[in-house]
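Here is the structure we will look at, set down as C-alpha coordinates.
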Amino acid sequence: MTGAPGSAALQVAGGATGVAARLDELDALAVALADAATDCASLAARAVTAAGDLDLGPALLVDPGAVATVLAGAAEAGGVLCRESGRLASTAAAVAATASAYRAREAAVETVLVGIPLVVAWRLRSLVGTWSLLLPGAVPVTVVAGAGAVQLARSAPAPVRSWVVDRVVAHPFAVDATVRVLPGVLGTADVATTARLLAGLGGATGLLRETPVRVEAVGGAVGGAVGEVVPCGEDGAADAVPGTPATGVAGLLRRGQSVASWREPAPGEHDTLPPGADRPERGQVRVDRVVGADGRVAWVVHVPGTQEWDGDGRGSPMDMAANVGLVAGTPTGVRRGVATAVVRAGVRPGEPVLLVGHSQGGMTATDLAADPGLRRVADVRAVVTAGSPVAGRTPPPGVTVLALEHRDDLVPRLDGRRAAPDRDRVVVVTDAPDGPWRTDAVPAHSSGAYVVTAGRVDASTDPSLVAVREDLAPFLAREGATCTTRQVVLTRTDRR
Amino acid sequence: MVEGRGQEVARRCLRAAQEVEDLASRLRRLPPDSWVGPTAVAAGEAVLASSRRLVAAADALRRAAGDAGRLGRP
(Lines give C-alpha, C1' and ligand atoms only; values in the text may rest on other atoms or scores of the structure.)
Protein backbone atom coordinates (compact mmCIF):
# COMPACT_ATOMS: atom_id res chain seq x y z
CA MET A 1 0.00 0.00 0.00
CA THR A 2 1.12 3.52 -0.72
CA GLY A 3 -0.31 6.91 -0.11
CA ALA A 4 0.52 10.53 -0.67
CA PRO A 5 0.85 12.64 2.46
CA GLY A 6 -2.39 14.25 3.42
CA SER A 7 -4.54 12.11 1.17
CA ALA A 8 -6.39 8.86 1.51
CA ALA A 9 -4.06 5.96 0.85
CA LEU A 10 -4.25 3.98 -2.35
CA GLN A 11 -5.17 0.44 -1.44
CA VAL A 12 -3.36 -1.66 -4.02
CA ALA A 13 -3.94 -5.38 -4.42
CA GLY A 14 -2.63 -7.83 -6.99
CA GLY A 15 0.19 -7.52 -9.49
CA ALA A 16 3.86 -7.65 -8.59
CA THR A 17 3.24 -7.44 -4.85
CA GLY A 18 0.59 -10.12 -4.98
CA VAL A 19 -2.70 -10.63 -3.21
CA ALA A 20 -3.83 -11.56 0.26
CA ALA A 21 -4.03 -15.25 1.01
CA ARG A 22 -7.36 -16.96 0.47
CA LEU A 23 -8.82 -18.92 3.32
CA ASP A 24 -8.85 -22.18 1.40
CA GLU A 25 -5.16 -21.66 0.64
CA LEU A 26 -4.50 -21.20 4.36
CA ASP A 27 -6.39 -24.42 5.09
CA ALA A 28 -4.37 -26.30 2.46
CA LEU A 29 -1.12 -24.85 3.80
CA ALA A 30 -1.94 -25.95 7.35
CA VAL A 31 -2.56 -29.53 6.18
CA ALA A 32 0.58 -29.57 4.04
CA LEU A 33 2.68 -28.21 6.90
CA ALA A 34 1.34 -30.83 9.30
CA ASP A 35 2.22 -33.54 6.77
CA ALA A 36 5.68 -32.04 6.32
CA ALA A 37 6.19 -32.01 10.09
CA THR A 38 5.39 -35.73 10.26
CA ASP A 39 7.72 -36.52 7.37
CA CYS A 40 10.42 -34.41 8.96
CA ALA A 41 10.16 -36.31 12.25
CA SER A 42 10.42 -39.60 10.38
CA LEU A 43 13.51 -38.38 8.51
CA ALA A 44 15.06 -37.23 11.78
CA ALA A 45 14.78 -40.78 13.14
CA ARG A 46 16.24 -42.22 9.94
CA ALA A 47 19.15 -39.79 9.97
CA VAL A 48 20.08 -40.71 13.52
CA THR A 49 19.83 -44.44 12.86
CA ALA A 50 21.49 -44.26 9.42
CA ALA A 51 24.81 -45.05 11.06
CA GLY A 52 23.26 -47.97 12.93
CA ASP A 53 24.69 -50.52 10.51
CA LEU A 54 28.17 -49.31 11.14
CA ASP A 55 30.16 -52.02 12.85
CA LEU A 56 31.65 -49.76 15.48
CA GLY A 57 34.26 -52.22 16.78
CA PRO A 58 36.25 -52.88 13.59
CA ALA A 59 35.51 -49.44 12.19
CA LEU A 60 36.82 -47.71 15.30
CA LEU A 61 39.95 -49.79 15.08
CA VAL A 62 40.43 -48.93 11.43
CA ASP A 63 39.57 -45.23 11.46
CA PRO A 64 38.18 -43.86 14.75
CA GLY A 65 38.25 -40.26 13.52
CA ALA A 66 36.10 -41.03 10.47
CA VAL A 67 33.58 -42.96 12.58
CA ALA A 68 33.24 -40.01 14.92
CA THR A 69 32.69 -37.69 11.93
CA VAL A 70 30.01 -39.96 10.46
CA LEU A 71 28.15 -40.22 13.76
CA ALA A 72 28.45 -36.48 14.38
CA GLY A 73 27.14 -35.66 10.91
CA ALA A 74 24.14 -37.98 11.25
CA ALA A 75 23.41 -36.63 14.72
CA GLU A 76 23.64 -33.03 13.49
CA ALA A 77 21.21 -33.73 10.65
CA GLY A 78 18.88 -35.61 12.99
CA GLY A 79 18.87 -32.70 15.45
CA VAL A 80 18.07 -30.15 12.74
CA LEU A 81 15.29 -32.34 11.36
CA CYS A 82 13.85 -32.89 14.82
CA ARG A 83 13.73 -29.16 15.55
CA GLU A 84 12.26 -28.39 12.12
CA SER A 85 9.56 -30.98 12.66
CA GLY A 86 8.50 -29.10 15.79
CA ARG A 87 8.63 -25.73 14.02
CA LEU A 88 6.58 -26.97 11.08
CA ALA A 89 3.96 -28.45 13.41
CA SER A 90 3.61 -25.19 15.32
CA THR A 91 3.44 -23.15 12.06
CA ALA A 92 0.72 -25.53 10.84
CA ALA A 93 -1.26 -24.92 14.01
CA ALA A 94 -0.82 -21.14 13.73
CA VAL A 95 -1.96 -21.10 10.10
CA ALA A 96 -5.02 -23.22 10.90
CA ALA A 97 -5.91 -20.93 13.80
CA THR A 98 -5.52 -17.84 11.59
CA ALA A 99 -7.82 -19.30 8.95
CA SER A 100 -10.43 -20.01 11.62
CA ALA A 101 -10.17 -16.47 12.96
CA TYR A 102 -10.54 -14.93 9.50
CA ARG A 103 -13.47 -17.19 8.79
CA ALA A 104 -15.24 -16.17 11.98
CA ARG A 105 -14.72 -12.48 11.19
CA GLU A 106 -16.05 -12.85 7.66
CA ALA A 107 -19.07 -14.73 8.94
CA ALA A 108 -19.84 -11.87 11.31
CA VAL A 109 -19.59 -9.29 8.51
CA GLU A 110 -21.72 -11.45 6.20
CA THR A 111 -24.39 -11.69 8.86
CA VAL A 112 -24.61 -7.93 9.15
CA LEU A 113 -24.42 -7.19 5.40
CA VAL A 114 -26.62 -9.95 4.11
CA GLY A 115 -28.86 -11.00 6.95
CA ILE A 116 -31.08 -7.97 7.19
CA PRO A 117 -31.53 -7.51 3.40
CA LEU A 118 -32.36 -11.20 3.12
CA VAL A 119 -35.24 -10.79 5.54
CA VAL A 120 -36.49 -7.90 3.42
CA ALA A 121 -36.01 -9.99 0.28
CA TRP A 122 -37.98 -12.84 1.71
CA ARG A 123 -40.90 -10.55 2.42
CA LEU A 124 -40.73 -9.05 -1.08
CA ARG A 125 -40.56 -12.50 -2.59
CA SER A 126 -43.71 -13.47 -0.70
CA LEU A 127 -45.36 -10.41 -2.18
CA VAL A 128 -44.32 -11.37 -5.72
CA GLY A 129 -45.61 -14.88 -5.04
CA THR A 130 -48.99 -13.48 -4.04
CA TRP A 131 -49.11 -11.48 -7.25
CA SER A 132 -48.35 -14.51 -9.34
CA LEU A 133 -51.45 -16.25 -7.91
CA LEU A 134 -53.62 -13.35 -8.98
CA LEU A 135 -51.99 -12.26 -12.20
CA PRO A 136 -50.10 -14.38 -14.73
CA GLY A 137 -46.89 -12.75 -15.79
CA ALA A 138 -46.38 -10.98 -12.49
CA VAL A 139 -42.65 -10.71 -13.05
CA PRO A 140 -42.94 -8.67 -16.28
CA VAL A 141 -45.36 -6.43 -14.46
CA THR A 142 -42.79 -6.03 -11.72
CA VAL A 143 -40.16 -5.13 -14.30
CA VAL A 144 -42.43 -2.63 -16.01
CA ALA A 145 -43.34 -1.16 -12.63
CA GLY A 146 -39.63 -0.90 -11.84
CA ALA A 147 -38.98 0.86 -15.14
CA GLY A 148 -41.85 3.19 -14.39
CA ALA A 149 -40.37 3.91 -11.00
CA VAL A 150 -37.07 4.78 -12.66
CA GLN A 151 -38.84 7.14 -15.07
CA LEU A 152 -40.71 8.68 -12.17
CA ALA A 153 -37.48 9.15 -10.25
CA ARG A 154 -35.88 10.80 -13.28
CA SER A 155 -38.78 13.19 -13.71
CA ALA A 156 -39.04 13.98 -10.02
CA PRO A 157 -38.22 17.50 -8.83
CA ALA A 158 -34.53 18.13 -8.40
CA PRO A 159 -34.66 18.34 -4.59
CA VAL A 160 -36.34 14.92 -4.45
CA ARG A 161 -33.78 13.36 -6.80
CA SER A 162 -31.00 15.00 -4.86
CA TRP A 163 -32.36 13.64 -1.58
CA VAL A 164 -32.56 10.09 -2.99
CA VAL A 165 -29.10 10.27 -4.55
CA ASP A 166 -27.63 11.66 -1.34
CA ARG A 167 -29.13 8.79 0.64
CA VAL A 168 -27.74 6.19 -1.79
CA VAL A 169 -24.34 7.85 -2.11
CA ALA A 170 -24.09 8.09 1.64
CA HIS A 171 -24.71 4.36 1.95
CA PRO A 172 -22.88 2.68 -0.92
CA PHE A 173 -23.10 -0.69 0.79
CA ALA A 174 -26.84 -0.50 0.14
CA VAL A 175 -25.97 -1.13 -3.52
CA ASP A 176 -24.16 -4.34 -2.57
CA ALA A 177 -27.14 -5.43 -0.55
CA THR A 178 -29.60 -4.58 -3.33
CA VAL A 179 -27.55 -6.43 -5.95
CA ARG A 180 -27.39 -9.44 -3.68
CA VAL A 181 -31.05 -9.31 -2.84
CA LEU A 182 -32.37 -8.87 -6.39
CA PRO A 183 -31.74 -12.47 -7.50
CA GLY A 184 -33.55 -13.66 -4.39
CA VAL A 185 -36.51 -11.44 -5.11
CA LEU A 186 -36.77 -12.63 -8.70
CA GLY A 187 -35.99 -16.24 -7.86
CA THR A 188 -32.83 -16.38 -9.96
CA ALA A 189 -29.48 -17.93 -9.14
CA ASP A 190 -27.17 -14.92 -9.38
CA VAL A 191 -26.71 -11.41 -10.72
CA ALA A 192 -25.86 -12.55 -14.27
CA THR A 193 -28.95 -14.76 -14.44
CA THR A 194 -31.02 -11.87 -13.11
CA ALA A 195 -29.58 -9.60 -15.80
CA ARG A 196 -30.37 -12.21 -18.50
CA LEU A 197 -33.92 -12.40 -17.17
CA LEU A 198 -34.21 -8.62 -17.23
CA ALA A 199 -32.71 -8.49 -20.73
CA GLY A 200 -35.26 -11.03 -21.95
CA LEU A 201 -38.17 -9.33 -20.29
CA GLY A 202 -36.90 -5.92 -21.36
CA GLY A 203 -36.67 -7.16 -24.94
CA ALA A 204 -40.18 -8.59 -24.81
CA THR A 205 -41.60 -5.33 -23.49
CA GLY A 206 -39.52 -3.13 -25.80
CA LEU A 207 -37.76 -1.42 -22.90
CA LEU A 208 -34.39 -2.97 -23.71
CA ARG A 209 -33.47 -3.68 -27.32
CA GLU A 210 -30.04 -4.94 -28.32
CA THR A 211 -30.11 -3.85 -31.96
CA PRO A 212 -27.32 -4.11 -34.58
CA VAL A 213 -24.64 -1.46 -34.55
CA ARG A 214 -23.28 0.53 -37.49
CA VAL A 215 -19.63 1.59 -37.45
CA GLU A 216 -18.79 4.82 -39.27
CA ALA A 217 -15.67 6.92 -39.58
CA VAL A 218 -15.89 10.39 -38.12
CA GLY A 219 -16.25 13.01 -40.81
CA GLY A 220 -17.46 10.68 -43.50
CA ALA A 221 -20.02 7.94 -43.30
CA VAL A 222 -19.04 4.66 -44.80
CA GLY A 223 -21.76 2.91 -46.70
CA GLY A 224 -23.04 -0.56 -46.08
CA ALA A 225 -26.11 -2.60 -45.47
CA VAL A 226 -28.20 -1.23 -42.65
CA GLY A 227 -28.49 -3.71 -39.83
CA GLU A 228 -24.95 -5.04 -40.08
CA VAL A 229 -21.71 -4.01 -38.50
CA VAL A 230 -20.20 -1.89 -41.22
CA PRO A 231 -16.43 -1.47 -41.61
CA CYS A 232 -14.94 1.98 -41.65
CA GLY A 233 -11.76 3.33 -43.17
CA GLU A 234 -10.91 0.34 -45.34
CA ASP A 235 -7.63 1.96 -46.33
CA GLY A 236 -6.62 2.01 -42.70
CA ALA A 237 -5.26 5.55 -42.64
CA ALA A 238 -7.56 7.93 -44.47
CA ASP A 239 -9.06 9.49 -41.37
CA ALA A 240 -6.02 9.21 -39.09
CA VAL A 241 -5.00 12.49 -37.52
CA PRO A 242 -1.55 13.14 -36.04
CA GLY A 243 -1.24 13.84 -32.33
CA THR A 244 0.79 12.88 -29.29
CA PRO A 245 0.59 9.78 -27.11
CA ALA A 246 -1.16 10.05 -23.76
CA THR A 247 0.89 10.98 -20.71
CA GLY A 248 0.54 8.36 -17.97
CA VAL A 249 -2.60 6.61 -16.79
CA ALA A 250 -4.13 10.01 -16.03
CA GLY A 251 -3.52 11.02 -19.64
CA LEU A 252 -5.23 7.87 -20.87
CA LEU A 253 -8.34 8.56 -18.81
CA ARG A 254 -8.28 12.28 -19.60
CA ARG A 255 -8.15 11.47 -23.30
CA GLY A 256 -11.11 9.14 -22.88
CA GLN A 257 -13.05 12.03 -21.37
CA SER A 258 -12.80 13.79 -24.67
CA VAL A 259 -12.72 11.30 -27.49
CA ALA A 260 -14.05 14.07 -29.70
CA SER A 261 -10.80 15.98 -29.34
CA TRP A 262 -7.79 15.07 -31.46
CA ARG A 263 -5.43 15.92 -28.67
CA GLU A 264 -4.97 15.17 -25.01
CA PRO A 265 -6.73 17.88 -22.99
CA ALA A 266 -4.60 19.77 -20.49
CA PRO A 267 -4.98 18.75 -16.85
CA GLY A 268 -8.09 20.35 -15.46
CA GLU A 269 -9.14 21.67 -18.85
CA HIS A 270 -12.53 20.00 -18.67
CA ASP A 271 -13.20 21.64 -15.35
CA THR A 272 -13.21 25.06 -16.98
CA LEU A 273 -15.54 24.14 -19.84
CA PRO A 274 -19.32 24.61 -19.79
CA PRO A 275 -21.24 21.41 -19.13
CA GLY A 276 -21.31 19.26 -22.26
CA ALA A 277 -18.67 21.24 -24.15
CA ASP A 278 -15.97 19.12 -25.80
CA ARG A 279 -17.53 15.98 -24.37
CA PRO A 280 -17.54 12.77 -26.41
CA GLU A 281 -20.13 12.64 -29.11
CA ARG A 282 -22.56 9.82 -28.63
CA GLY A 283 -21.14 6.49 -29.66
CA GLN A 284 -17.65 7.75 -30.41
CA VAL A 285 -14.70 5.40 -30.01
CA ARG A 286 -11.11 6.60 -30.32
CA VAL A 287 -8.26 4.42 -31.56
CA ASP A 288 -4.71 5.76 -31.14
CA ARG A 289 -1.74 4.30 -33.03
CA VAL A 290 1.43 4.93 -31.04
CA VAL A 291 4.81 4.48 -32.73
CA GLY A 292 7.96 4.42 -30.61
CA ALA A 293 11.34 5.79 -31.64
CA ASP A 294 12.33 2.21 -32.46
CA GLY A 295 9.43 1.94 -34.91
CA ARG A 296 7.42 -0.44 -32.78
CA VAL A 297 3.67 0.08 -33.02
CA ALA A 298 1.15 -0.09 -30.17
CA TRP A 299 -2.57 0.69 -30.13
CA VAL A 300 -4.80 2.34 -27.54
CA VAL A 301 -8.57 1.98 -27.76
CA HIS A 302 -10.73 4.37 -25.71
CA VAL A 303 -14.21 3.00 -25.02
CA PRO A 304 -16.71 5.52 -23.55
CA GLY A 305 -19.06 4.72 -20.70
CA THR A 306 -22.84 4.84 -20.62
CA GLN A 307 -24.15 7.66 -22.79
CA GLU A 308 -27.79 6.72 -23.11
CA TRP A 309 -29.99 5.96 -20.14
CA ASP A 310 -32.71 4.46 -22.31
CA GLY A 311 -32.39 1.08 -23.91
CA ASP A 312 -34.89 1.21 -26.71
CA GLY A 313 -32.26 0.63 -29.39
CA ARG A 314 -32.47 4.00 -31.09
CA GLY A 315 -29.50 6.01 -29.81
CA SER A 316 -25.93 5.36 -28.81
CA PRO A 317 -25.12 1.67 -28.34
CA MET A 318 -23.50 2.67 -25.02
CA ASP A 319 -26.96 2.50 -23.47
CA MET A 320 -28.93 0.73 -20.77
CA ALA A 321 -29.49 -2.31 -22.99
CA ALA A 322 -25.70 -2.67 -23.23
CA ASN A 323 -25.37 -2.30 -19.45
CA VAL A 324 -27.81 -5.12 -18.84
CA GLY A 325 -26.25 -7.24 -21.58
CA LEU A 326 -22.76 -6.72 -20.18
CA VAL A 327 -23.82 -7.76 -16.69
CA ALA A 328 -25.71 -10.71 -18.19
CA GLY A 329 -22.62 -11.78 -20.10
CA THR A 330 -24.38 -11.74 -23.46
CA PRO A 331 -22.82 -10.28 -26.64
CA THR A 332 -23.55 -6.59 -27.06
CA GLY A 333 -23.57 -4.39 -30.11
CA VAL A 334 -21.03 -2.03 -28.57
CA ARG A 335 -18.61 -4.91 -28.04
CA ARG A 336 -18.92 -6.02 -31.65
CA GLY A 337 -18.70 -2.45 -32.87
CA VAL A 338 -15.51 -1.67 -30.92
CA ALA A 339 -13.94 -4.95 -32.07
CA THR A 340 -14.72 -3.99 -35.66
CA ALA A 341 -13.28 -0.52 -35.14
CA VAL A 342 -10.05 -2.02 -33.76
CA VAL A 343 -9.65 -4.41 -36.65
CA ARG A 344 -10.46 -1.82 -39.28
CA ALA A 345 -8.03 0.65 -37.74
CA GLY A 346 -5.29 -1.53 -39.17
CA VAL A 347 -4.00 -3.46 -36.16
CA ARG A 348 -1.54 -6.12 -37.30
CA PRO A 349 -0.82 -9.43 -35.55
CA GLY A 350 1.74 -9.04 -32.79
CA GLU A 351 1.13 -5.33 -32.27
CA PRO A 352 0.11 -4.78 -28.65
CA VAL A 353 -3.32 -3.33 -27.89
CA LEU A 354 -4.43 -1.47 -24.75
CA LEU A 355 -8.14 -1.08 -24.03
CA VAL A 356 -9.21 1.82 -21.79
CA GLY A 357 -12.70 2.43 -20.45
CA HIS A 358 -14.58 4.34 -17.81
CA SER A 359 -17.73 2.82 -16.29
CA GLN A 360 -19.52 0.74 -18.96
CA GLY A 361 -16.50 1.29 -21.21
CA GLY A 362 -14.37 -0.64 -18.72
CA MET A 363 -16.77 -3.59 -18.81
CA THR A 364 -16.69 -3.62 -22.60
CA ALA A 365 -12.89 -3.27 -22.60
CA THR A 366 -12.45 -6.17 -20.18
CA ASP A 367 -14.81 -8.39 -22.17
CA LEU A 368 -12.99 -7.53 -25.39
CA ALA A 369 -9.69 -8.61 -23.85
CA ALA A 370 -11.15 -12.12 -23.69
CA ASP A 371 -13.07 -11.91 -26.97
CA PRO A 372 -11.89 -14.86 -29.12
CA GLY A 373 -12.72 -13.04 -32.35
CA LEU A 374 -10.65 -10.00 -31.45
CA ARG A 375 -7.80 -12.05 -30.01
CA ARG A 376 -7.43 -13.88 -33.30
CA VAL A 377 -6.38 -10.65 -34.98
CA ALA A 378 -5.20 -8.40 -32.15
CA ASP A 379 -2.73 -8.92 -29.33
CA VAL A 380 -4.58 -7.40 -26.38
CA ARG A 381 -1.92 -6.87 -23.71
CA ALA A 382 -3.55 -4.58 -21.18
CA VAL A 383 -6.82 -3.11 -19.92
CA VAL A 384 -7.33 0.02 -17.80
CA THR A 385 -10.74 0.50 -16.19
CA ALA A 386 -12.09 3.29 -13.99
CA GLY A 387 -15.26 2.91 -11.95
CA SER A 388 -16.28 -0.27 -13.76
CA PRO A 389 -17.94 -3.36 -12.29
CA VAL A 390 -15.32 -5.78 -13.59
CA ALA A 391 -14.76 -7.96 -10.53
CA GLY A 392 -16.52 -10.91 -12.15
CA ARG A 393 -14.73 -10.56 -15.50
CA THR A 394 -11.51 -12.46 -16.07
CA PRO A 395 -9.29 -11.64 -19.04
CA PRO A 396 -6.90 -14.35 -20.21
CA PRO A 397 -3.67 -14.84 -18.26
CA GLY A 398 -0.94 -12.44 -19.28
CA VAL A 399 -3.29 -9.51 -19.93
CA THR A 400 -2.37 -6.74 -17.47
CA VAL A 401 -5.46 -5.21 -15.88
CA LEU A 402 -5.45 -1.98 -13.85
CA ALA A 403 -8.82 -1.36 -12.20
CA LEU A 404 -9.43 1.92 -10.35
CA GLU A 405 -12.32 2.08 -7.90
CA HIS A 406 -13.48 4.78 -5.52
CA ARG A 407 -14.80 3.46 -2.24
CA ASP A 408 -17.92 5.60 -2.44
CA ASP A 409 -18.55 4.92 -6.13
CA LEU A 410 -21.67 2.80 -6.53
CA VAL A 411 -21.02 1.59 -10.04
CA PRO A 412 -18.13 -0.86 -9.45
CA ARG A 413 -20.42 -2.63 -6.99
CA LEU A 414 -23.12 -3.34 -9.54
CA ASP A 415 -21.99 -6.82 -10.52
CA GLY A 416 -22.45 -8.01 -6.96
CA ARG A 417 -18.92 -9.32 -6.60
CA ARG A 418 -15.81 -8.14 -4.90
CA ALA A 419 -12.79 -7.21 -6.97
CA ALA A 420 -10.47 -10.19 -7.36
CA PRO A 421 -6.86 -9.06 -7.70
CA ASP A 422 -4.30 -11.52 -8.96
CA ARG A 423 -0.85 -11.48 -10.56
CA ASP A 424 -2.18 -9.81 -13.72
CA ARG A 425 -4.97 -7.71 -12.22
CA VAL A 426 -4.10 -4.79 -9.98
CA VAL A 427 -7.05 -3.23 -8.17
CA VAL A 428 -6.62 0.26 -6.73
CA VAL A 429 -9.25 1.32 -4.20
CA THR A 430 -9.23 4.78 -2.67
CA ASP A 431 -11.51 7.62 -1.64
CA ALA A 432 -12.77 9.87 -4.42
CA PRO A 433 -11.00 13.25 -4.54
CA ASP A 434 -12.98 16.44 -4.26
CA GLY A 435 -13.32 18.66 -7.33
CA PRO A 436 -15.69 20.39 -9.72
CA TRP A 437 -17.49 17.09 -10.22
CA ARG A 438 -18.96 17.41 -6.71
CA THR A 439 -22.17 18.62 -8.33
CA ASP A 440 -22.51 15.45 -10.42
CA ALA A 441 -25.27 13.03 -9.48
CA VAL A 442 -22.71 10.52 -8.24
CA PRO A 443 -19.50 12.56 -7.76
CA ALA A 444 -17.34 9.57 -6.91
CA HIS A 445 -18.14 8.05 -10.32
CA SER A 446 -17.11 11.11 -12.30
CA SER A 447 -14.45 10.49 -14.92
CA GLY A 448 -12.76 13.69 -13.74
CA ALA A 449 -12.39 12.25 -10.25
CA TYR A 450 -10.83 9.12 -11.73
CA VAL A 451 -8.37 11.22 -13.74
CA VAL A 452 -7.13 12.70 -10.45
CA THR A 453 -6.86 9.22 -8.90
CA ALA A 454 -5.00 8.03 -11.99
CA GLY A 455 -2.53 10.87 -11.43
CA ARG A 456 -1.81 9.42 -7.99
CA VAL A 457 -1.32 6.03 -9.59
CA ASP A 458 1.22 7.61 -11.95
CA ALA A 459 3.11 9.06 -8.98
CA SER A 460 2.91 5.96 -6.78
CA THR A 461 5.99 3.96 -5.89
CA ASP A 462 3.99 0.84 -5.05
CA PRO A 463 5.80 -2.06 -6.76
CA SER A 464 2.61 -3.38 -8.36
CA LEU A 465 1.83 0.02 -9.86
CA VAL A 466 5.42 0.51 -10.98
CA ALA A 467 5.20 -2.86 -12.76
CA VAL A 468 1.88 -1.90 -14.37
CA ARG A 469 3.35 1.37 -15.62
CA GLU A 470 6.21 -0.59 -17.19
CA ASP A 471 3.64 -2.79 -18.95
CA LEU A 472 1.81 0.32 -20.19
CA ALA A 473 4.99 2.13 -21.35
CA PRO A 474 4.66 1.13 -25.05
CA PHE A 475 1.26 2.86 -25.15
CA LEU A 476 2.31 6.13 -23.51
CA ALA A 477 4.27 9.27 -24.33
CA ARG A 478 8.05 8.90 -24.29
CA GLU A 479 11.09 10.21 -26.12
CA GLY A 480 10.57 10.01 -29.87
CA ALA A 481 7.10 8.44 -29.73
CA THR A 482 4.40 9.68 -32.10
CA CYS A 483 0.68 9.09 -32.33
CA THR A 484 -2.05 9.16 -34.92
CA THR A 485 -5.70 9.04 -34.00
CA ARG A 486 -8.68 7.54 -35.73
CA GLN A 487 -12.23 7.99 -34.50
CA VAL A 488 -15.36 6.08 -35.31
CA VAL A 489 -18.96 6.47 -34.28
CA LEU A 490 -21.13 3.52 -33.32
CA THR A 491 -24.86 3.95 -33.79
CA ARG A 492 -27.73 1.57 -33.36
CA THR A 493 -29.56 0.86 -36.58
CA ASP A 494 -32.95 0.27 -34.95
CA ARG A 495 -33.51 -2.78 -37.13
CA ARG A 496 -34.10 -6.08 -35.38
CA MET B 1 34.01 -55.73 5.92
CA VAL B 2 34.41 -52.24 7.37
CA GLU B 3 34.42 -50.84 3.83
CA GLY B 4 31.18 -52.65 2.96
CA ARG B 5 29.45 -51.41 6.09
CA GLY B 6 30.70 -47.91 5.36
CA GLN B 7 29.28 -48.08 1.85
CA GLU B 8 25.90 -49.19 3.19
CA VAL B 9 25.81 -46.34 5.71
CA ALA B 10 26.83 -43.92 2.98
CA ARG B 11 23.96 -45.13 0.79
CA ARG B 12 21.48 -44.69 3.65
CA CYS B 13 22.75 -41.24 4.44
CA LEU B 14 22.57 -40.22 0.78
CA ARG B 15 19.04 -41.58 0.48
CA ALA B 16 18.00 -39.70 3.62
CA ALA B 17 19.72 -36.55 2.32
CA GLN B 18 17.81 -36.82 -0.95
CA GLU B 19 14.51 -37.21 0.89
CA VAL B 20 15.31 -34.26 3.11
CA GLU B 21 16.05 -32.18 0.00
CA ASP B 22 12.79 -33.32 -1.54
CA LEU B 23 10.98 -32.21 1.60
CA ALA B 24 12.78 -28.86 1.48
CA SER B 25 11.76 -28.45 -2.14
CA ARG B 26 8.17 -29.37 -1.25
CA LEU B 27 8.18 -26.69 1.43
CA ARG B 28 9.56 -24.07 -0.95
CA ARG B 29 6.62 -24.63 -3.26
CA LEU B 30 3.98 -24.39 -0.53
CA PRO B 31 3.42 -20.63 -0.13
CA PRO B 32 1.97 -19.10 -3.31
CA ASP B 33 4.29 -16.31 -4.41
CA SER B 34 1.25 -14.08 -4.72
CA TRP B 35 0.70 -13.87 -0.97
CA VAL B 36 0.88 -10.62 0.95
CA GLY B 37 -0.36 -9.62 4.38
CA PRO B 38 1.29 -10.14 7.77
CA THR B 39 -0.01 -13.64 8.43
CA ALA B 40 0.62 -15.01 4.98
CA VAL B 41 4.05 -13.40 4.80
CA ALA B 42 5.03 -14.67 8.25
CA ALA B 43 3.86 -18.20 7.42
CA GLY B 44 5.57 -18.10 4.06
CA GLU B 45 8.83 -16.85 5.54
CA ALA B 46 8.73 -19.49 8.29
CA VAL B 47 8.23 -22.22 5.72
CA LEU B 48 11.04 -20.94 3.51
CA ALA B 49 13.37 -20.69 6.54
CA SER B 50 12.54 -24.29 7.42
CA SER B 51 13.30 -25.27 3.86
CA ARG B 52 16.73 -23.61 4.06
CA ARG B 53 17.54 -25.37 7.34
CA LEU B 54 16.49 -28.70 5.84
CA VAL B 55 18.90 -28.12 2.98
CA ALA B 56 21.63 -27.61 5.60
CA ALA B 57 20.61 -30.89 7.25
CA ALA B 58 20.79 -32.64 3.89
CA ASP B 59 24.30 -31.23 3.41
CA ALA B 60 25.31 -32.63 6.81
CA LEU B 61 23.97 -36.03 5.77
CA ARG B 62 25.88 -35.91 2.50
CA ARG B 63 29.07 -35.06 4.35
CA ALA B 64 28.42 -38.00 6.69
CA ALA B 65 27.83 -40.20 3.65
CA GLY B 66 31.15 -39.10 2.20
CA ASP B 67 32.95 -39.89 5.43
CA ALA B 68 31.21 -43.25 5.72
CA GLY B 69 32.09 -44.11 2.13
CA ARG B 70 35.76 -43.60 2.85
CA LEU B 71 35.75 -45.94 5.86
CA GLY B 72 38.12 -48.86 5.47
CA ARG B 73 39.74 -47.46 2.35
CA PRO B 74 43.45 -46.88 2.32
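Proteins come first, then strands; the chains are lettered A, B, ... in the order of their sequence lines, and each starts at number 1. Quick note: numbers below take in every heavy atom, side chains included, and nothing from hydrogens, waters or symmetry partners. The model shown is predicted, which means the values in this text are computed figures rather than measured ones.
- The side-chain heavy atoms of Cys13(B) and Arg62(B), taken from C-beta on, include no pair separated by under 4.5 Å.
- Between chain A and the options Ala17(B), Ala16(B), Ala64(B), Ser50(B), heavy-atom pairs under 4.5 Å are most frequent for Ser50(B).
- Looking at Leu23(B) and Cys40(A), their side chains come closer than 4.5 Å, going by heavy atoms from C-beta outward.
- Only the side chain of Arg63(B) comes within less than 4.5 Å of a heavy atom of chain A; its backbone N, CA, C and O stay farther away.
- In this view, Arg375(A) satisfies the side chain to side chain donor-acceptor pair (under 3.5 Å) rule with no residue, not counting sequence neighbours.
- Interface residue Thr69(A): backbone and side-chain heavy atoms are both found under 4.5 Å from chain B.
- For the pair Val428(A)/Leu465(A), a side-chain contact is recorded, criterion being any heavy-atom separation below 4.5 Å from C-beta on.
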